[in-house]
Amino acid sequence: MAIRQIRTVEDEVLRKKCRPVEKVNDQIRQLLDDMAETMYHTENGAGLAAPQVGILKRLVVLDMGDGLIKLVNPVIISQEGSQEVIEGCLSIPGVAGRLIRPAKVTVEALNEKGEKVRYIGTGELAKCFCHELDHLDGVLFTDKVTEYIHL
């Protein structure tokens with residue numbers, strides 16, 4: 001495993017749409033492991049999407065305290081309600097803001113073995129799913145902020 005450089009807001013890779021992963025293989029598993037190690041190496045990192053380490057593939061890792069989740073080609077298939085949240089981003093250090101996210105989301109993806117998985121996230125987990133999946137389409141949380149918060 002390796003710690004990768006996290007790209008920051010000036011890097012145009014963060015604004016690009018990621019390509020689907022065609023096959024879950026050892027290279028993809030290694031990248032997911034590197035992303036997880038990179039996320040755990042940061043302060044306050046709860047999730048990381050592949051474009052944040054310069055890779056335009058639809059890959060996400062996250063850990064909200066209940067264990068590591070690795071997602072390949074994740075898609076939000078349903079969402080319910082709304083919640084006001086406060087978010088920050090490893091790619092936009094020192095910036096936080098309020099925004100509205102769904103209160104509950106259902107995500108389908110492949111796991112690191114290539115098996116179909118489904119997660120239902122509410123509250124903070126729903127927020128994290130939405131934030132990381134936005135990265136895969138070149139969307140940053142600052143695009144949705146209703147009010148910036150001084151840290």
Side-chain angles (χ1 to χ4, degrees), residues 1-76 83-99 101-102 105-145 148-151:
M1 291 193 286
I3 295 172
R4 297 189 176 229
Q5 178 185 352
I6 295 178
R7 306 298 178 94
T8 54
V9 71
E10 305 83 25
D11 195 319
E12 65 185 36
V13 73
L14 294 174
R15 291 300 191 170
K16 296 189 177 193
K17 190 172 172 97
C18 294
R19 295 179 300 278
V21 172
E22 298 296 325
K23 183 178 181 186
V24 181
N25 55 26
D26 287 343
Q27 179 184 6
I28 295 300
R29 283 185 279 277
Q30 181 64 56
L31 180 54
L32 287 165
D33 287 344
D34 288 355
M35 289 170 57
E37 185 172 356
T38 302
M39 176 187 69
Y40 287 132
H41 186 73
T42 65
E43 190 175 325
N44 301 322
L48 192 68
Q52 292 180 274
V53 293
I55 307 291
L56 289 173
K57 292 189 182 294
R58 298 189 80 79
L59 299 169
V60 166
V61 296
L62 55 101
D63 188 341
M64 297 296 293
D66 295 320
L68 180 62
I69 298 173
K70 299 176 181 178
L71 302 174
V72 178
N73 298 332
V75 177
I76 294 173
Q83 61 177 334
E84 183 180 74
V85 298
I86 295 174
E87 290 186 22
C89 181
L90 296 173
S91 292
I92 311 172
V95 176
R98 293 184 200 281
L99 58 149
R101 293 283 193 193
V105 296
T106 302
V107 175
E108 284 188 351
L110 299 177
N111 65 16
E112 64 183 323
K113 298 176 186 172
E115 302 163 335
K116 190 173 183 178
V117 292
R118 178 182 282 198
Y119 292 93
I120 297 172
T122 59
E124 289 292 305
L125 182 57
K127 172 182 87 169
C128 192
F129 278 137
C130 292
H131 179 106
E132 298 309 330
L133 270 64
D134 273 354
H135 273 298
L136 303 180
D137 293 319
V139 176
L140 301 177
F141 86 95
T142 51
D143 299 336
K144 299 180 177 189
V145 164
Y148 283 99
I149 298 170
H150 296 287
L151 299 176

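Here the structure is a predicted model, which is why all the values come from computation and not from measurement. Values reported hereafter were calculated over all heavy atoms of this structure, with side chains retained and with hydrogens, waters and symmetry mates removed.
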message: Is there a side-chain contact between Leu62 and Cys128 in this structure, where contact means two heavy atoms from C-beta onward sitting under 4.5 Å apart?
response: yes

field: His135 side, atom NE2; His131 side, atom NE2 - distance, nearest 0.5 Å
entry: 3.5 Å

message: Under the criterion side-chain contact (heavy atoms from CB on, under 4.5 Å), I'd like the reasoning laid out for Leu71 against Leu59: C-alpha separation, chi angles, the key distance, then a yes or no.
response: CA-CA 6 Å; Leu71 302 174; Leu59 299 169; over 6 Å; no

field: Considering all heavy atoms, the nearest Val24-Glu112 contact
entry: CG1-O, 3.2 Å

- request: Determine yes or no for a side-chain-to-main-chain donor-acceptor pair under 3.5 angstrom, with Gln52 supplying the side chain and Ile6 the backbone.
  value: no

task: Specify the closest pair of heavy atoms between Asp34 and Ala2, including all atoms of both residues, with the distance to one decimal.
output: OD1-N, 2.8 Å

Non-hydrogen atoms of Leu136 and Ala49 that approach each other most closely: CD2-CB, 4.1 Å

statement: Separation between CZ (Arg7) and CD1 (Ile92), nearest 0.5 Å, reads 15.0 Å

- prompt: Does the side-chain contact (heavy atoms from CB on, under 4.5 Å) test come out yes or no for Val105 and Tyr119, once each step is laid out?
  reply: CA-CA 8 Å; Val105 296; Tyr119 292 93; over 6 Å; no

- prompt: Should we count CG of Asn25 as having more than 12 external heavy atoms under 6.0 Å?
  reply: yes

field: Verdict with reasoning, Val61 to Ile69, per side-chain contact (heavy atoms from CB on, under 4.5 Å)
entry: CA-CA 6 Å; Val61 296; Ile69 298 173; over 6 Å; no

query: Do the non-hydrogen side-chain atoms of Arg19 and Arg58 ever get within less than 4.5 Å of each other?
result: no

task: Provide the closest heavy-atom pair for Val72 versus Asn111 in the form atom of the first, atom of the second, distance.
output: CG2-O, 4.0 Å

Side-chain heavy atoms of Arg4 within contact of Ile55, under 4.5 Å: yes

Any Ile76 side-chain heavy atom under 4.5 Å of Leu133 side chain: yes

field: Atom pair CE/CD1 of Met39 and Ile3 - distance to nearest 0.5 Å
entry: 12.0 Å

message: Quick one, Val13 and Leu56 - any side-chain contact, counting heavy atoms below 4.5 Å?
response: yes

query: Closest approach of Pro20 and Asn73, non-hydrogen atoms and distance?
result: CA-OD1, 3.3 Å

- request: Using a strict cut-off of less than 4.0 Å between a Lys/Arg side-chain nitrogen and an Asp/Glu carboxylate oxygen, indicate whether Lys127 and Glu124 qualify as a salt bridge.
  value: yes

message: Please check this pair: side chain of Glu84 against backbone of Arg98, looking for a donor-acceptor N/O pair closer than 3.5 Å.
response: no

- prompt: Should the heavy atoms of other residues, nucleotides or ligands under 6.0 Å from CD of Glu115 be counted, would the total exceed 12?
  reply: yes

message: I'd like to know if Arg101 and Glu87 make a salt bridge, using a cut-off of under 4.0 Å between side-chain N and carboxylate O.
response: yes

- request: Considering only NZ, NE, NH1 and NH2 on the basic side and carboxylate oxygens on the acidic side, decide whether Lys70 and Asp63 come within less than 4.0 Å.
  value: no

- request: Search all heavy atoms of Pro51 against all heavy atoms of Lys57 and return the closest pair with its distance.
  value: CD-O, 4.3 Å

message: As an exercise, state the distance from CZ of Phe129 to CE of Met64, rounded to the nearest 0.5 Å.
response: 9.5 Å

- request: Apply side-chain contact (heavy atoms from CB on, under 4.5 Å) to Phe141 and Leu99, showing your working.
  value: CA-CA 8 Å; Phe141 86 95; Leu99 58 149; 4.0 Å; yes

- prompt: Do Asp143 and Arg15 sit within salt-bridge range, that is, some charged N less than 4.0 Å from a carboxylate O?
  reply: yes

Heavy-atom side-chain contact between Val75 and Val107 under 4.5 Å: no

message: Using 0.5 Å steps for rounding, measure from the CG atom of Asn44 to the OG1 atom of Thr42.
response: 7.5 Å

query: Are side-chain heavy atoms of Val139 and Lys144 found at a separation under 4.5 Å?
result: yes

query: Between atom CD1 of Ile28 and atom CG of Leu110, what is the distance when rounded to the nearest 0.5 Å?
result: 11.0 Å

- request: Say whether Gln30 and Asp26, considering side chains only, have a donor N or O and an acceptor N or O under 3.5 Å apart.
  value: no

